[in-house]
Every structure is written in C-alpha cells, then in structure tokens.
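This report refers to the structure that appears directly beneath it.
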Amino acid sequence: MEILAIIGAFVSLAGSLFLLLAAIGIFRMPDTYNRMQTGTKATTLGSLLFFVGIGMANPSWWGKLLALTIFIFITNPLSSHVLARALHFIGKSPLLKGSKDPDVRDDLEAVESLETKEGDLV
Amino acid sequence: MIKRFIIVLALAAIAVGLYPLAWGIQDAEILTEVANEYVENGADDLGAANLVTSVVVSYRGLDTLGEITVLFAATAGVTMLFAARKPKKSGQKGSLADDSRRTGSELLQTGADFLFPILWMFGMYIFVHGHLTPGGGFQGGVVLASAVLLLLFADSDRKMGHTLLQIAEALSGAAYVAVGLLGLWFAAGFLDPRFLAAGEFGQLFSAGAIPVIYALIGIKVGAELTGIVDTMRRSAL
Amino acid sequence: MADIIFNIAAVIALAAFVITFYRIIVGPELGDRVVALDAMTIMALSGITFLAHLLGRIIYLDVALVYGLISFLGVIAVARYMERGL
Amino acid sequence: MNITQIVLILGFLLSLIGFWGLLTRRDLFRMIISFSLLDTGVHMIMIGIGYIKGGTAPIFDEALAVGEAVGKVVDPVPSALVLTAIVIGLAVTALMLSYAVRVYTSRKSLSIDAVKELKW
Amino acid sequence: MEAFAYRLKAFLVLAGVWLILIYPFSLQELYTGIAISLLLVILPLPGNRVFAEIGLAPKRVFFAVVYVLVLIIEIFRANIDVALRVVKPVLPIKPGIVKVQTRLKTKLGRLALANSITLTPGTITVEIKGDELYIHWIYIDAEDADTATQKIVSQFEKYLEVIFG
Amino acid sequence: MSMTILIVMGVLMLSGGIAALYIKDTVSAIVAAGVVSLLASVIFLIVGAPDVAMTEAAIGSALTTVVFLFAWSRIKEAEKEKDTLESDSAEEGGE
C-alpha cells in the first residue's frame, strides 16, 4: 500500500510539473492562440496525472476521479474550441507580427473570408 | 477630492472598528451551545449524515422556505423589469433583435446535446445525495439550470417553454409546502422529516423525508434560476 | 515519504496557479484573461483533489466535479459573449 | 497567525475593497460588481467565525464517526446561513442588474449621476 | 423502433455515468440510478437523439479501446512537444490557420475528432464547416490541404469512422 | 500546508478584487470578479465548509458571471440601437 502511495506521489509530481509547464506557456507565449495551445494540452495531461496519483494513494476514490477525468476530457477541448472560434470571429490574426509567409497567407484567405469581421465589441 | 478623503476616513473608521474583532481572535476550541446540540444529537435525531443539510432542511426549515420565497420574488421582479419593454419586431428600423445573434458552432451544439442529459443526471445526483455529501438542493438546482444554459449558449435562437418552467416551479413549491404539512400532521412539526422511516444511517434511503424535500427545493431553484437567465436572454431591447 | 512528495507537487501546482494568475491581472485583452481562467480552474481542480487527500475526505471530490462544470460554463459564456451569441 | 484570524482578515479586507468600490465608482455596473465582492467578504467572515481548531466538514462518513464528532467538526449553522445567503445574493444581483439595464435604456447612461430623482 | 434504440443507448450511457459517480456500489443507489436514468430517457429532452450514434457492436468497442490508447499516446507526445517549445529561450513557433478535410458525417464523431485534434501536438480546432476543419497550428509544416490532412486528421479518422459509424 | 494554500489564495483573491474594480474593460472586470468567487470557494473548502464551497463555485462564480454577461450584452445592444438611431436623426442626438 505504501509503495503504491509513493508511486502515486511521483505521478502527481509529474502532473504538477505539466501544470507548471502550462503556466509558463501561458506566461511566455506571444499571443492568445498560442497561449491557448499550451494552456489546453498541458493542463489536461497535468490534471489527468494528478488525479491518477491521488487515486493511487487512495484506491477507493477511483469512481469520482474517473468521472472528473472523463468530464475534463470532454469539456476542456470544447471550451478551447469555442474560445478560439470567438477570437477568430473578432478578427484576431493568428500570425506573428514579423512573419508574413505567403504560403500561409494563401490558406488563411479562405479562413478570413469565412466571417465578416466586426471586432468592436471587446 | 474632499469626497474621496471622507470616503477614506469612513473606511478607516470601519477598519479600526473591526480591528479588535480580527486581531485578538484565536481558533475556537469548542462549539457554541446550539451547534454543540446539533452536532451531538443531529445524527441520531434526523439520521442525516450531513449536518448542514439537517440545519438547512429541518432545524431552520422555515428560513429556507422564506429564502425560496425571496428567490421567487426576485424572479418576478426581474421578469417585470424586463417584460415592461415589448421586444421590437425584427426588421424594424434600429432594432438589433435576436436575429443578429450568432449561433454557436456545430461542435458546441453537439457537445451541449450530449452533455445535457448527463448534467441533469449529475444535478439529480447532487440533490438526491444532499444528506450524504456536500451537495444539496441549491447546488443541484444550479447544475440543472446550467445544463439548460449550455443549450441556450449553443443555440441562441432556442425557444424555451416558460409554461413548463412555471408548472415545474409551482408544482415543486406546492409539494414542498405539502411535505411540510405532512410533517406537521404525522411528526412533531412543520417541515419535520421524520414521518418517513429513518432507514440505515449513511445509506441513500435514510434521513426520513430530507432527500425528498431537498429534491423539491432543487427543482424549484433550478426552474427559478433558469427563468431569471432566460428572461435576461430573451428580452431584446 | 509519500506525503512529502505530494506536498512538493502541491507547491509546484500552487506556483503554476500564481503564474497563471498574472495573466488574469495584466493580460492585455479579454481573451488572454479567459484562457488564463480556463487553465487556472483546471489547476484548482488538482488543488482541490490534493486538499481532499490532505484532509482525508472523499466528499470534497464532489466539490471538484461541480467546480469543473462551472469553469466550462464560465469560459463558454465569455466566449459566446465575444462572438455576440449571448 | 491561525486560520480563523486569516480568514477573518481576508473577509474584512474583501469587504473593505467592496465598500471602496461601492463608494468611489460612478458606473452602475462597477457598483454592482463591488456589491458582489462585499457579499463574498461578508460570507467569508461568517464562515471564519464558525471555524473550530483542526475542524473538518460536519459530514459523517468513513472518515468521521458519529460518536466522536464533537471537537472535530466546524459549526454547521454559519454554513447553512451562508448557503442560503449566496442564493439570495444571486437573486439580488440579478434584480440590480435588470434595474441597471432599465436605467441605461431610459437615461442612455450607466453613470449613477444620471439618476437624480432620489438625490438630496 | 429507432426511438427505442437511441433511448436504450442513452439509458445505458446515463446508467454507466451514475455507476461511476457512486463508486462503492449499493443496491439502493442502483435502484435510484435506474429510476433517474429512465426518467431522463422517457422525458422528451432535447439532446437524446445524439446518442443514436453510439454503437455497441464488439468491433466498435474494440476500436474505441484502441482509439483511447492512441489518444493517450498522442496526448503525451503533445505535452512533450509543448514542453520543448516552452522552455526554449527563443520560442520556436510559426503559427497560422490551415484547412483540412474530414470524411466524418456523424455528429459525435466530428466532436470527438475536433477534441482529439485539440489535444494533440500543436493544433486547435478553430472552426468546422461542412467537410472542412480550420485548424490553428503552432508550427506550420505543410501548407497544402492534403499534407495537412494527412498529418493531423487521418490518424484519428480511421478509428472514429468505425466507432461512430 | 493548508495554511500556505490559504494565505496564497487569499492574497490572490484580494488582488483579484482590486483588479475587478480598476480594470478598464468591463467584461474583464466581470471575469476578475468571477475569479474572486472561485478563489473564495477554495478558501471555504479549506476552512471545512464544502457545502458553501460548492454553492459559491456554482452560484457565486458561474451563474453570477453569466447573469452579468447577459445584462452587459443587453446594454451593448441598446448602445448599438442608440447609435443607429442617432446617426439616422443627426439633429437630435441624445446626451
């Protein structure tokens, strides 16, 4: 039992490192889309590992932790998608300031004609 | 400038007045007399594992009844304040009625459809287990309301049947009072849950009528909060 | 032994929480704040499960479930406001 | 420093922030936000008063047996009061917000200075 | 008949979630869960029809298990990718939005595809219109739609096509 | 340990409260107020009131934010309407 708890503690430690990674990503990335990239992925895995670790230390808690994990796996990417769509709608460009790759622009034009841009609400 | 000075002065006075309250205090070692009574006898008395639930539903049940009345009054007030304005017909000059709202993405709609029954079941889980876990009628009602909200977010043109809401609200309110009266007739007093068998402590079917009362509160709170939010959504100015 | 490592993990998660909170305060736009809010609530979920472990009460996990639902709903509300769907 | 003290101080400070916003902001929306902060602060004070040293939640399960609860659990009464107070807080906030929207549609401004009827 | 089928599937899903929520099983909880699930299935709730796309054939279940494993491996890869990007002094990013094709028609399948794309290395689903997904990519490798589709979508599509029919 | 978490959460909560008053953008202020509620709910959990924590998370944070956002979008719509009306009849602009 003790061994399992120690393994769980290390798994939780790994999870918290991923959470820290997400935080650093949100801190460092230059624009909102990229912040979202690190924010979504790293927090999902980090919390998954954290829950697995807690579940190893307390084996009778598996049910609720599993429910939490499933719930996070459905909702977290979905909220990221909705947020990305909203950002795109209000006209945030996904490109960095310096880079103007012509090839990238080609594919973007299809997207940018997708919706009219009226980004004055925010 | 002098106004701001007076404000700072007033806040400083409040802070100085509160200072001894916060500073000298230590962690209490013993409960107050009333709380001690509840903690010592609450579990044997009512059979509910969650003492907060015992207090909310039974010991201070009348408070909760009044509180639900306040909630109802607030819902009525919000409806009145918004419904005084007739929504303009779309197409009229200068109106930005519902038709200019953007519908949610297809994925959000699918996700909302998929999550809706699960969230309702989760809400029911919360208010049925009100006497065993930290949940309860208010939290469960909010979860029900937020499931409906998710549908409204996904599709902003969705029409909601307010008749159904009102029926649910009225029925659960009436049933709440009826259960209270049953307590008056078959047990010690109004809202006394002991007219049903106490059951085995810690199981789902225990604590007399507390799960029933909390479920009714949950349905009522859910209907009222849904009503508030949907009124604020529908009223195109 | 296990408790020490769990505490270290919790401290790291707390540090992540604080770093993310920076974006809520200064984040130049609404979108950044909402991204930070989303990440922060997931971190808080981990924190709540840790608290449940620390205090030894399984019942606190119910709070975590409601908390997760709530973070989802809040983010979607703000996003839908941004794209004028509310 | 102990937990009761910290929670009480946090509650007081949050209430003071709410008061400050309520008195200095002129925008109705900010005033309502300040009010909800004040609300949270008051709830925190009430919960802090009910705390018992080393207390845990007053819910019996495997981790907390019925007989030995006294001295281990926090006061359930403030919890119950705050529980209902939060719900009422939401209802009051919604009412204030609909009032603010009405003020905006009739006065075309969200500033509190636009509401002159009750001024003296 | 069809209505009965999707109601049965919805019932099974709801009962499963209930059983997960109340993990230390007891008979009373089971009865309550069945009652609540039946109530939710019988009521004319808006979303129940979505559950019709869930399949219970053995092949589908097998593919679902494989798909979950693949997804978890991809999530680990994504996080290592994020880690490598975040800790470098100069951020190695070249973001942009690309368009990819999907063959999936079922609603749940598309939702699962979009969620998987969001969880895998460097991509977020921004918009879905008809057969086309618009994806924010943190480091654009391939500009044309076919290569991008190959890189991002195909690995999940082949499982999801079977799982959600 | 719980003391540390309590103090950190409290400091963050207070700074969130101040931010809610002084951020220019109103919707950002609403989000900040929601964050205050979320942190308050963690604090309630630490002091042994999970019922209150659940209620605060569900109502204080989510529904309050949603209600604020609905009201704010109604005001935004009214503003739009006012602008279009004003530009239509330029001689009689409001305010």
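All chains are named by letter (A, B, ...) in the order of the sequence lines, taking the proteins before the strands, and each is independently numbered beginning at 1. The figures that follow rest on heavy atoms only: side chains count, while hydrogens, waters and symmetry mates do not.
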### Task
Report the C-alpha separation of Leu45(A) and Leu48(A) in whole Å, then their side-chain angles, then the decisive distance to 0.1 Å, and conclude whether the side-chain contact (heavy atoms from CB on, under 4.5 Å) test is met.
CA-CA 5 Å; Leu45(A) 183 66; Leu48(A) 169 69; 4.0 Å; yes
Straight-line distance of [X] [atom1] to [Y] [atom2], nearest 0.5 Å:
{"X": "Leu55(C)", "Y": "Tyr60(C)", "atom1": "CG", "atom2": "OH", "value": "5.0 Å"}
{"X": "Met40(C)", "Y": "Thr43(A)", "atom1": "CE", "atom2": "OG1", "value": "12.5 Å"}
{"X": "Glu29(C)", "Y": "Asp31(A)", "atom1": "CD", "atom2": "CG", "value": "9.5 Å"}
{"X": "Ser71(C)", "Y": "Met43(C)", "atom1": "OG", "atom2": "CE", "value": "12.0 Å"}

### Message
Looking only at heavy atoms and a cut-off of under 4.5 Å, which of Thr44(A), Ile26(A), Leu65(A) has the most pairs with chain C?
### Response
Ile26(A)
So do the side chains of [X] and [Y] get within less than 4.5 Å of each other, counting heavy atoms only?
{"X": "Asn58(A)", "Y": "Ile58(C)", "result": "no"}
{"X": "Ser47(A)", "Y": "Ile42(C)", "result": "yes"}
{"X": "Val35(C)", "Y": "Arg23(C)", "result": "no"}
{"X": "Val78(C)", "Y": "Leu30(C)", "result": "yes"}

### Message
Within residues 71-79 of chain A, which residues come under 4.5 Å of chain C, heavy atom to heavy atom?
### Response
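When heavy atoms of chain C are the reference, residues 71-79 of chain A contributes Phe71(A), Ile72(A), Thr75(A), Asn76(A), Leu78(A), Ser79(A) within the under-4.5 Å range.
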### Task
With a 4.5 Å heavy-atom cut-off (strictly below), which parts of residues 11-18 of chain A touch chain C? List them by number.
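When heavy atoms of chain C are the reference, residues 11-18 of chain A contributes Ser12(A), Leu13(A), Ser16(A), Leu17(A) within the under-4.5 Å range.
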#### Entry: Heavy-atom proximity to chain C below 4.5 Å, by part of Thr38(A)
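For Thr38(A), no heavy atom lies under 4.5 Å from chain C.
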### Query
Given that the side chain runs from C-beta out, which part of Phe51(A) has a heavy atom under 4.5 Å from chain C: side chain, backbone, both or neither?
side chain
Give the member of [options] that has the highest number of heavy-atom pairs under 4.5 Å with chain A.
{"options": "Ile12(C), Thr20(C), Leu14(C)", "result": "Ile12(C)"}
{"options": "Phe21(C), Phe6(C), Tyr22(C), Phe17(C)", "result": "Phe6(C)"}
{"options": "Ser46(C), Ala13(C), Pro28(C)", "result": "Ser46(C)"}

### Query
Which of parallel (below 30°), tilted (30 to 60°) and perpendicular (above 60°) describes Phe50(A) and Phe50(C)?
perpendicular
### Query
Should the ring pair Trp61(A) and His53(C) be called parallel, tilted or perpendicular, given that the plane angle runs from 0 to 90° and is split at 30 and 60?
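The rings of Trp61(A) and His53(C) stand perpendicular, inter-plane angle above 60°.
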### Query
Ile4(C) versus chain A, heavy atoms under 4.5 Å apart: side chain, backbone, both or neither?
neither
### For Thr49(C), side-chain hydrogen bond (donor to acceptor under 3.5 Å, both in side chains) partners two or more places apart
none
### Task
Taking side-chain hydrogen bond (donor to acceptor under 3.5 Å, both in side chains) as the test, write out the residues that go with Asp32(C), two or more places apart.
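Only Thr32(A), Arg35(A) meet the side-chain hydrogen bond (donor to acceptor under 3.5 Å, both in side chains) criterion with Asp32(C).
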